[in-house]
Peer 1: 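Can you keep this structure in mind? I'll have questions shortly.
In what follows, residues are counted from 1 in the order of the sequence shown.
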Amino acid sequence: MALSYQSTRGGQQGVSASQAILQGLALDGGLFMPTEIPKLEVSLDQLAAMTYQETAYEVMRLFLTDYTEEELKSCIARAYDSKFDTEEIAPLVKAGGIYYLELFHGKTIAFKDMALSILPHLMTTAAKKNHVDKEIVILTATSGDTGKAAMAGFADVPGTRIIVFYPKNGVSPVQELQMRTQKGDNTSVVAIRGNFDDAQSGVKKLFGDEEFNRLLNEKGFQFSSANSINIGRLVPQIVYYVYAYAKLLENREIAEGETINVAVPTGNFGNILAAYLAKQMGIPIGKLICASNDNKVLYDFFTTGTYDRNREFILTNSPSMDILISSNLERLIYLSAGCDAAVNARLMEELSVSGKYTVTPQMREKMKDFWGGYADWEADAGEIRSVFEDTGYLMDTHTGVASAVCRRYAAETGDQAKMVVASTASPYKFSRSVMEALKGRQEEADEFRLIDEMSALSGIPIPQAVEEIRSAPIRHSRECGRDEMKAEVADILGI
């Protein structure tokens, strides 16, 4: 049966999956959500025998119902292929009593590859299905990882262009080099003088600028998004939580039906929301542990019921989590309000006007699956160092936050359920911070000397994604102020 999509703010209904993917953001500024969360139609025992690609099909076909079997299987096959350096695509590694779900084995060594490897195929298929005759302009804000992964996915894809905005001085050196050296005649990267929230707000403003969108339309362009506000980003993320449970079952680490907990380093809320949706589909997940760094707006929200972005923005050693406006939280707010778009729209308006909102006790009760925690740099560094010293397993700074928080959760609650931590990036992506965590001091060496030292210390081969930027030429050097994003887009598109 066809599943349709509607805006979390009520302005659009009856939208097909392919239309929602093409559009990215709803016309009223809301996010697309399906009219219902489908249940898995295969048993856990059947899932345990499936490959990643087979699991992806069983999950995604339930959400993307206007794609044919042939179309969807083709998208999956082209996405999850030899560009991943492990056959499992998302292997589980046990260290120190925790299962780390490694989501960084794709082309850009971060978890964004898991969804952004397939989004270009879903989008170009959607364009053909809907007879789109305009060039699709992917407009995206990044806190470090989405930008590179999206550009790698869309580079030289016919009928598309991609423009990425990132916060100058707000990403790691490796993240910045990956973006600024990106090949592809249709790729553009712009550093903004501001933080990620400025970039994300600017992108949303451009989506909602009716006059500018009319001009784009006249010139043969239409906007779409590669951020997790796009349902085509979110649905593929559900897959790896389903797969993780199935692999634990296959490896006899758990009994069928046994409940596990999941901890996710969280900024924009999309990755942990995907785990929540996996639970709604029937995967036995208990607590969803939302791990924040010093920008602990989500921790405060789950503790108090008030979301308040009116606070200092802190640059941390886990920059992809340096976010104060968690866009995907809107989808959870909408669900917790019983899919009442008017309630959600009112709260989002409060956030826009005053920078904060408070949910009702009834809504908080519907979010009881979530547990918020945070780890500062001292706790993060201590976790990275102690796990490496005890087990030889090396994690990046974002995974370190989640690992530290999940241990705190177990200690405070006594919950002994097995724990899966979403390991979101290779430690090589944040080499300076990881080496400083291991050594307990600041490092003066340049980035690539630290990378070589990390390889010698850990025995982990340096990923190709890092080696290829060592001597790659800088191809992108655009920079603008936070209020100059529209002019920059117009210049890039020649309008």
Side-chain angles (χ1 to χ4, degrees), residues 79 81-86 103-117 119-120 138-158 160-193 196 199 226 317 319-320 394 396-398 424-435 443-456 458 460-480 488 491-492:
D81 58 10
S82 60
K83 72 174 70 68
F84 286 83
D85 64 19
T86 58
L103 303 173
F104 53 78
H105 288 278
K107 199 170 183 180
T108 75
I109 58 174
F111 82 101
K112 305 297 174 77
D113 288 322
M114 301 299 295
L116 285 165
S117 291
L119 182 61
I138 311 298
L139 191 63
T140 291
T142 185
S143 54
D145 287 333
T146 285
K148 172 62 180 180
M151 285 190 292
F154 281 96
D156 292 325
V157 171
T160 70
R161 296 199 197 184
I162 179 163
I163 304 171
V164 170
F165 290 94
Y166 74 93
K168 184 178 174 63
N169 302 320
V171 300
S172 81
V174 169
Q175 286 176 310
E176 184 171 44
L177 268 176
Q178 282 188 306
M179 288 187 282
R180 294 186 66 200
T181 59
Q182 175 64 47
K183 297 176 183 177
D185 292 339
N186 64 338
T187 64
S188 297
V189 187
V190 186
I192 72 158
R193 295 183 287 276
F196 170 75
N317 297 75
S320 296
L394 189 60
D396 85 295
T397 50
H398 303 73
T424 53
S426 163
Y428 284 102
K429 204 149 193 176
F430 305 94
S431 52
R432 181 172 299 278
S433 296
V434 171
M435 290 302 290
E443 286 289 330
E444 301 300 325
D446 70 49
E447 205 72 25
F448 288 102
R449 274 186 58 197
L450 289 172
I451 284 166
D452 291 335
E453 190 177 346
M454 183 188 292
S455 179
S458 67
I460 302 170
I462 299 170
Q464 182 60 33
V466 173
E467 288 290 8
E468 66 187 19
I469 63 171
R470 218 183 256 269
S471 56
I474 299 295
R475 298 171 57 88
H476 305 277
S477 55
R478 285 181 177 267
E479 188 177 312
C480 74
E488 203 68 26
D491 185 58
I492 289 168

Peer 1: Which atom names give the shortest non-hydrogen contact between P120 and V157, and what distance separates them?
Peer 2: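 Distance-wise, the nearest heavy atoms are CB-CG2, 4.5 Å.
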Peer 1: Decide yes or no on side-chain contact (heavy atoms from CB on, under 4.5 Å) for K112 and T142, but give the supporting numbers first.
Peer 2: CA-CA 11 Å; K112 305 297 174 77; T142 185; 5.6 Å; no
Peer 1: Does some side-chain heavy atom of P463 sit less than 4.5 Å from a side-chain heavy atom of F104?
Peer 2: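 No, too far: nothing below the 4.5 Å cut-off.
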Peer 1: Could you give the distance from CG (L119) to CZ (F154), rounded to the nearest 0.5 Å?
Peer 2: 4.0 Å
Peer 1: Search all heavy atoms of A445 against all heavy atoms of L450 and return the closest pair with its distance.
Peer 2: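 Smallest interatomic distance, heavy atoms only, reads O-CD1, 3.8 Å.
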Peer 1: Just verifying a value: how many Å separate I138 CD1 and R161 CZ, rounded to the nearest 0.5 Å?
Peer 2: 12.5 Å
Peer 1: Is any side-chain heavy atom of K429 less than 4.5 Å from a side-chain heavy atom of T108?
Peer 2: yes
Peer 1: Are the side chains of R478 and D491 in touch, meaning some heavy atoms are under 4.5 Å apart?
Peer 2: yes
Peer 1: Taking D145 for the side chain and F111 for the main chain, is one N or O donor matched with an acceptor at less than 3.5 Å?
Peer 2: no
Peer 1: Hydrogens and angles aside, do Q175 and S320 bring a side-chain donor and acceptor to less than 3.5 Å of each other?
Peer 2: yes
Peer 1: Using a 4.5 Å cut-off on heavy atoms from C-beta on, say whether the side chain of Y166 contacts that of R180.
Peer 2: yes
Peer 1: Side chain to side chain contact (heavy atoms under 4.5 Å, CB included) with Q182: which of T187, V164, I162, L177?
Peer 2: T187
Peer 1: Is there a donor-acceptor pair closer than 3.5 Å between any side-chain N or O of R432 and the backbone N or O of E443?
Peer 2: yes
Peer 1: What do you reckon, is CZ of R475 surrounded by more than 12 foreign heavy atoms closer than 6.0 Å?
Peer 2: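 For R475, atom CZ is crowded (more than 12 foreign heavy atoms under 6.0 Å).
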Peer 1: Minimum heavy-atom separation for S458 and Y428, please, with both atom names.
Peer 2: OG-OH, 4.0 Å
Peer 1: How about Q178 and I109: do any of their side-chain heavy atoms sit closer than 4.5 Å?
Peer 2: yes
Peer 1: How close do P319 and F430 get, counting heavy atoms only, and between which atoms?
Peer 2: CG-CE2, 3.7 Å
Peer 1: What's the separation between atom CD1 in I462 and atom CD in E467, rounded to the nearest 0.5 Å?
Peer 2: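 If we round to the nearest 0.5 Å, I462:CD1 and E467:CD are 4.5 Å apart.
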Peer 1: Taking all non-hydrogen atoms of both residues, which atom of G144 and which atom of M179 are closest, and how far apart?
Peer 2: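 Here G144 and M179 meet closest at O-CE, 4.2 Å.
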Peer 1: For the OG atom of S172 and the CD atom of E447, what is their distance to the nearest 0.5 Å?
Peer 2: 6.5 Å
Peer 1: Using side-chain heavy atoms (C-beta onward) and a distance below 4.5 Å, is T140 in contact with I163?
Peer 2: no
Peer 1: At what distance, to the nearest 0.5 angstrom, does OG1 of T424 lie from CE of M114?
Peer 2: 12.5 Å
Peer 1: Is there a side-chain contact between F196 and V171, using heavy atoms and a 4.5 Å cut-off?
Peer 2: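 No; the side chains remain at least 4.5 Å from each other.
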Peer 1: Measure from the side-chain N and O atoms of N186 to the backbone N and O of T160, and report whether any donor-acceptor pair falls under 3.5 Å.
Peer 2: yes
Peer 1: Which atoms form the tightest heavy-atom contact between S433 and T397, and what is the distance?
Peer 2: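 Closest heavy-atom pair between S433 and T397: CB-CG2, 3.6 Å.
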Peer 1: Taking P473's backbone N and O only, do any of them form a donor-acceptor pair with T181's side chain (distance below 3.5 Å, no angle check)?
Peer 2: no
Peer 1: Working to the nearest 0.5 Å, report the span between SG of C480 and CD of E488.
Peer 2: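 So the gap between those two atoms works out to 5.0 Å.
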Peer 1: Not counting sequence neighbours, which residues clear salt bridge (Lys or Arg N to Asp or Glu O under 4.0 Å) with K148? List them please.
Peer 2: none
Peer 1: Is there side-chain contact between I492 and V190, with at least one heavy-atom pair below 4.5 Å?
Peer 2: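 With C-beta onward as the side chain, the pair touches.
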Peer 1: Answer yes when K83 and D113 have at least one side-chain N-carboxylate O distance shorter than 4.0 Å, and no when they do not.
Peer 2: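 Here K83 does not pair with D113 in a salt bridge, since their nearest N and O are not under 4.0 Å apart.
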